[in-house]
Amino acid sequence: MSALLELRGIEKRFSGVHALKAVDLHVDEGEVLALLGENGAGKSTLMKILAGVQRADGGEIRVGGEVRSFRSVAEALEAGVALIHQELNLAENLDVAANVFLGREPSRWGVIDAARMHREAGTWLKKAGLEIDPSTAVSELSIGRRQQVEIAKALAVNARILIMDEPTSSLSETETRKLFDVIRDLKASGVAIIYISHRLGEVQEVADRVTVLRDGEKVGDLDKEGISHESMVRMMVGRDLDAFFPRRQGEVGEPVLEVDGLRTLAFPAESMGFSVRAGEIVGIAGLVGAGRSEMLQAVFGVDRRLAGEVRVGGRLVRGGSPAEAIAAGMALVPEDRKRDGLVLEMGVGENLSLVTLARDAFPGGFRRGSAERQVEKEMGEAMRIKTAGAGQAVGRMSGGNQQKVVIGKWLAMDPEVLLLDEPTRGVDVGAKHEIYVLMEALAERGKAVVFVSSDMVEVLAMSDRILVMHEGRLGGELSREQASEEAVMALATGGKL
Amino acid sequence: GKKDEGPSYAFVTNGVASFWDIAKSGAEAAGQELGVDVTVLMPNGVVEQKQMIEDLVIRGADGIAISPIDPDNQTEVINEAAAATNLITADSDAPKSDRMFYLGVDNYEAGRMCGQLVKEALPDGGKVMIFIGRLEQDNAKRRRQGVIDELLDRSMDPTRFDPPAEVLKNDKYEILGTLTDQFDRVRGKQNMDDTLTAHPDLGCAVGLFVFNPPLILESLKSAGKLGQVKVVGFDEADETLQGILDGHVHGTVVQNPFEYGKRSIEILHALNQGDTSVVPEDGFINVPARQIRKDTAEAFWADLKSKLGE
Amino acid sequence: MKKTLGVLMVFVAVCLAAIGLSDVFLSAGNIERLLLRIGLFSILAIGVSFVIVTGGIDLSIGSVVCLVGCGLPWLLVEQGWSVGLTLTVLFLVVGLIGWGHGMLITKLKLQPFVVTLCGLLVYRGLVRGVTGDRSLGFGSEYESLRQLAQGELAPSLLLGVLAVVLAGVAVYGWMKERRFRAGVVASSVAAGLAVLGAVLLRQSEFGVKFPFVILMVVAGLAGVFLNLTVWGRHLLALGNSEEAARFSGIATDRLVIVSYILCALLAGLGGLLIVLDVGSAQPSDFGNFYELYAIAAAVIGGCSLRGGQGAVIGVVVGMALIQVIRNLIVLVIPKYQNLEFAVIGVVILLGVIGDEVFKRLAEKRRRLT
Amino acid sequence: MKKTLGVLMVFVAVCLAAIGLSDVFLSAGNIERLLLRIGLFSILAIGVSFVIVTGGIDLSIGSVVCLVGCGLPWLLVEQGWSVGLTLTVLFLVVGLIGWGHGMLITKLKLQPFVVTLCGLLVYRGLVRGVTGDRSLGFGSEYESLRQLAQGELAPSLLLGVLAVVLAGVAVYGWMKERRFRAGVVASSVAAGLAVLGAVLLRQSEFGVKFPFVILMVVAGLAGVFLNLTVWGRHLLALGNSEEAARFSGIATDRLVIVSYILCALLAGLGGLLIVLDVGSAQPSDFGNFYELYAIAAAVIGGCSLRGGQGAVIGVVVGMALIQVIRNLIVLVIPKYQNLEFAVIGVVILLGVIGDEVFKRLAEKRRRLT
Ligand SMILES: Nc1ncnc2c1ncn2[C@@H]1O[C@H](COP(=O)(O)OP(=O)(O)OP(=O)(O)O)[C@@H](O)[C@H]1O
Ligand SMILES: Nc1ncnc2c1ncn2[C@@H]1O[C@H](COP(=O)(O)OP(=O)(O)OP(=O)(O)O)[C@@H](O)[C@H]1O
Ligand SMILES: [Mg+2]
Ligand SMILES: [Mg+2]
């Protein structure tokens, strides 16, 4: 019997990059295939080709044994192929229901049947684990919720082949669980699923088979029995990663970051306070939409604070402008790197030196080229950023490399307090490891590190202390000893220990 | 609302130009004298002119004088307004309409007068370039045609039209063409600049709209050719008159915009008072154009200034 | 709906002021003329709002108006073509222009501003060159064709149309957003009653010129298209995020091209009606600046130039506002007619500022509950 | 640099055509006038490119030109103010206008198109109202002030300036992008030699008017600002991604406001020089449409209306291209003068299409290697 989907010898070149080199791949009905690879390995490109977003330069796609070539997304959808994109792609001016059915609105003579659309959208949303009114505007949703809308949208296609490109990168444990339930249902009804993720734990849990890409080439398959953390890492990276989470036992010093009575626009009724000491890594956990990003942004000053004081090293930092936070030694790696973190049209060097440019300038505001090049070189090496040649716009780089650029930009200023919002979102194991090492190294040097993460494993392993948020409130605090998955979940859902 | 106020009259021009500033002063002077309300409106283009006439009728104007932009095709609007109130044309006529009569110069004749000035300035012939704001309006067409016909010694025929794209010449005069600037002064000056470049042997520049002669002078000045190229103007811009006194402009043909404005209002008021004696038999009140040369310039200018209250 | 409500309120305020300041504002003749002008110019504004919804812009509207406005008398009178042939050719050309804009913008990925700026320069330039820059008009001929712009509909028929439109608005407002239902219904009914009152008061000579009727039809179709159909929804989606729409299987390029074609055709229709109404056209300035009026009306009517937002009723009200202001100035303070542009500019600015402030207050209130 | 190279090539081609078609094109007088016009109008274009780099637009340029162009003779001649006071007040007002635009756009988050469209309507409207719509001019007075626009620099001084500029261009090209070094240096030197040749050939009466010299200074400063300073980089960054710039601690609002102020001030400077050169101004049409020319020049010169891209030299060359075309038409085919706009439109369109096609080919070539 031939596979439901079969790709043979897929080729793709971008200017300067040979993104896919004769890649073969197949999935059967009711099978979950995990597609793994480092950042920039070509996973998303392959999937975009499969979904009709991009066209291959060579090779063949067979669906149900029949050769197909998708010239547009519509044709792919027609053939039963649906893709959940790695980056969010929602029309923010429309409501949730309209997005779920975008392109396939129930209609009669071209007139949309709005009532039916809202009704059905509600069902799909519930399936995706999102219990909100389908007429909510998408612009009001947090990133995590938007990702759930994307999932509902893909489910609503009733596809035969469903591709999920990092569907859980902004989801926390609870939402991820719900997604796995859905995947199991779909599997049972014979849908073939291609699942891309950098969270290897998840892969172990859902995948029937693993295919690994490296530098645009397929390096091998692992069947159900062969799937293990070590085997996957070895295949992706080409070597073992020892001590994935660096162990830490640094000295903790004086409080560096103190937040008191902070109230944000998202949850004006709640107020928060906490402090972080030198050499300490504090993890912030919580469900999607708990207000974690909002909190970091208010501390950093990109969002307005309704009330509250923030001190760094005892000095008060007025809110209202990131420039002051930066002057006080704070740095924020934002959650949405494409929108908030990077100047997509600019090159790596320009992005890396964006924050330090003013500091390093000659008198009179003239840029110091040597300083820029030095930052580019240093950070490029420290972060192991891979580019397709000098001057490549960061917008064209793979997600993981983009994330490294964002982090590098902030490390270049040598911050006292580093705030990170989902720092490993969409980042491959190797790079994750590097980011952990970096966080660790910073803490070692007596800096205060705060990171928000929806990846439970990471929160548990990397934090000296865990703050759990629930609906805009600090629901509780767990020391390293108290920390456990159950404890975090309990606090995150509003319970007590 | 104007219910219990005195009568109100309006003058609608065919555009915005300093020529009309003078007419406006005339109209307002008449208004003051007679103690009546006078409105002068300056539209941009036919569409706006139509809307203004309509609105004036609705407002209940007791008399309107207009300078139609495209008289042949504006008969209806004019007739509609003429049905509602006393309506005369000034400066540019609409003979096919129901306007009571026309007050102004015959632009074709004025053009020929201008042509005579060119002949005087260039008795031995030479190259002539015509500059004008725009060619679409009737008075512009006729004025330009008058200049051309006079230079080429053709018969009187106001309906003739030579396309602007043609070079016209007889054994003496070569009319290089007609350059328009669409009221953009910078363009107007550039047109003259470029003409000087392309035709270093230019004999005479003719500026047919009020702002053209001053621009020609500016251009000559910056090229250091003042006095070398003859200039013949139209209308009475200060710079033009000064140019005549300085000997840089041979002469200009003046209409009498102040009179247009003043007499229009006076006549409209008389009509409104029931005095029909002001209506001419032949439907034409001639406010003749005049040629101003160096000898008459000073007196004319002094008179103009006193009229404008300067 | 919210945005439409704002401009509606300003409009009602200006109308009330007009009624107070001028005793002829409500006269049959004035209302008739105002409706005519609103009809003529709103057609352009509706056209451009399709393009604005996609996040684009069309600066060539004025030149397309010039093309049709001058092309019609030129072909009919000077070239002696038949009416049928002339109209067919003109609208084919205009359609092609829109298609060309769309192709350059979608396939070559040129910026709409640049493409249509070139259009602005080229079409008028060509008309000037081809017609030899002369004044064009119908003289006293083509009376039956000109009825298209000058003919009138009896008040009773108008009332029918009005009733249908009002009902449509009310139903739409009700379906769309419950919170604003009350406001919309109330203001539509109020506006309807005002017009009705005016009509009854001076029913004598009142008639509605066809351009306004044509506008009603165009606006109705556009409203249905934008708000109720799949394509309208797709247009809104792609205006917000081209990628999101494309990734959802929507043929975005085709939709964008269609919207530029629609815009050009409506500009052509507007140009046709305007020249039929006025009877004369000069290539060098016919339609000059109309694109800016159309865009301004669209924007105060609730379209965002960032794309993804459109409101047909608002656009018509926006243009009505502009026309009433112009009318009002000539009726009440003709002396200050040259301040007209300044007044319109200030009103537009106050409108958008008010809108923004209002939105922020609402947001704040929402946040605090 | 790449984009600049494209427009430079078109420019050189048009100039060569001009030399071939007209034997007076290279005459001292013509070159002198061309440089004057390029000076006057490029100042506007450079101003608007600051705004375009931020992703904004300024439609009010023409009206600001009108404000200064009419305000100057009005205040001096009609109101009898002193030169110093007049200039101070005018430029204060213009600066305030730019600041107002910036504030509305950054603080109230209004769309630049809308804000400056209102500006377009309001400033001209006010000037018309205040001056009573009448023609304004200097008569034969203020000759010394008018020297600012009409005075000349000796050729030797010009050569010095030119040499410095060329050297600057060459050094910059060398520093910036090695691959294009050769092209830039070659074409700058070629352009320099051409002018030099022209000068030497007819050195007799040749002189460069001050506006061109002022342009050189403005362009030099703008180029340095945009390419060599921290703020220039910040401006480019925020033009690309406002959010990313803001998150990086860049005072985006302040930068945007500054760029609108700069744009308004340069428009004011342009208006000042233009009226000093022309000697008279009419409020209803002085400066009309100049914003579109300025924007067109900026776009063909390599600025993207999406923001984040700017090139000062390209902008000047873009405006030079437009001016040469206008000049060429009057010199060679004056009878088709009314086709001028069409020609300019077509050239701009071909320019941007060529650019796009060229880019795609380069991309393709790169992919295949
Ligand atoms: N539009 C594009 N233009 C040029 N290069 C591109 C483009 N899209 C992707 N690439 C390049 O193709 C390669 C593969 O990228 P792709 O996004 O498929 O990686 P990925 O495996 O999905 O990585 P990640 O895990 O970071 O999402 C990368 O080197 C990337 O820079
Ligand atoms: N742009 C926005 N406009 C309005 N409300 C928003 C916006 N962004 C977030 N919110 C709301 O603010 C609240 C907090 O969102 P926030 O992004 O801080 O949550 P989070 O804990 O970081 O979750 P996530 O993992 O989804 O990012 C949510 O209830 C969300 O609905
Ligand atoms: Mg990817
Ligand atoms: Mg978050």
Side-chain angles (χ1 to χ4, degrees), chain C residues 52 57 59-60 63 100 104 107-115 117-133 283-284 288-289 292-293 295-296 299-300 304-306 335-353 355-357 359-360, chain D residues 52 57 59-60 63 100 104 107-115 117-133 283-284 288-289 292-293 295-296 299-300 304-306 335-353 355-357 359-360:
Chain C
I52 292 179
I57 197 141
L59 297 178
S60 73
S63 293
L104 288 173
K107 304 303 178 190
L108 272 184
K109 305 258 174 285
L110 299 184
Q111 303 172 40
F113 192 100
V114 181
V115 170
L117 173 61
C118 291
L120 177 154
L121 295 169
V122 173
Y123 312 138
R124 182 180 300 279
L126 283 181
V127 172
R128 291 182 59 186
V130 169
T131 63
D133 232 352
S284 64
N288 232 345
F289 274 120
L292 293 187
Y293 284 126
I295 294 169
V299 169
I300 44 181
S304 161
L305 289 170
R306 299 186 188 105
K335 285 218 161 62
Y336 298 108
Q337 185 243 333
N338 44 26
L339 276 173
E340 177 188 309
F341 289 100
V343 175
I344 294 179
V346 169
V347 170
I348 296 177
L349 194 62
L350 288 182
V352 285
I353 291 179
D355 226 61
E356 184 63 33
V357 170
K359 216 162 65 190
R360 290 202 179 180
Chain D
I52 292 179
I57 198 142
L59 297 178
S60 72
S63 293
L104 288 173
K107 304 303 179 191
L108 273 185
K109 304 259 172 282
L110 299 183
Q111 302 171 41
F113 192 100
V114 180
V115 171
L117 173 61
C118 291
L120 179 154
L121 296 170
V122 172
Y123 312 137
R124 182 181 301 280
L126 284 181
V127 173
R128 291 182 64 180
V130 169
T131 63
D133 231 353
S284 63
N288 235 343
F289 273 120
L292 294 187
Y293 285 126
I295 295 168
V299 169
I300 44 181
S304 161
L305 289 171
R306 298 186 191 104
K335 51 176 156 170
Y336 297 113
Q337 191 219 356
N338 45 24
L339 275 173
E340 175 189 312
F341 288 101
V343 175
I344 294 179
V346 168
V347 170
I348 296 178
L349 194 60
L350 288 182
V352 286
I353 292 178
D355 226 61
E356 185 63 32
V357 170
K359 219 162 62 190
R360 290 199 180 183

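Letters A, B, ... are given to chains in the order of the sequence lines, protein chains preceding strands, and every chain is numbered from 1. As the structure is a computational prediction, the values presented were derived from the model and not from experiment.
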Close side-chain approach of F113(D) and I295(C), heavy atoms under 4.5 Å: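 Result yes, sub-4.5 Å side-chain heavy-atom pair found.
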Check: I348(C) and L121(D) side chains under 4.5 Å, non-hydrogen atoms: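 Side-chain contact under 4.5 Å: yes.
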Parallel, tilted or perpendicular, as decided by the 30° and 60° cut-offs, for the rings of F341(C) and Y293(C):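 Y293(C) vs F341(C) ring planes: parallel.
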Quick check for you: among [options], which has the greatest number of heavy-atom pairs under 4.5 Å with chain C?
options                            : result
L110(D), L59(D), V130(D), L120(D)  : L110(D)
L108(D), L339(D), V357(D), L104(D) : L108(D)
C118(D), P283(D), G129(D)          : C118(D)

Leading residue by heavy atom contact count with chain D [cutoff under 4.5 Å; candidates [options]]:
options                            : result
R124(C), K109(C), R360(C)          : R360(C)
V343(C), V115(C), I353(C), V347(C) : I353(C)
L292(C), V127(C), I344(C)          : L292(C)

Under 4.5 Å from any heavy atom of chain D - which part of [X]:
X       : result
E340(C) : neither
L349(C) : both
R306(C) : both

Chain C contact via Y123(D) - which portion, at a heavy-atom distance below 4.5 Å: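 Neither; nothing under 4.5 Å.
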Atom group of L117(D) that falls short of 4.5 Å from chain C, counting heavy atoms: side chain
Distance, nearest 0.5 Å, that separates CD of E356(C) from NZ of K107(D): 13.5 Å
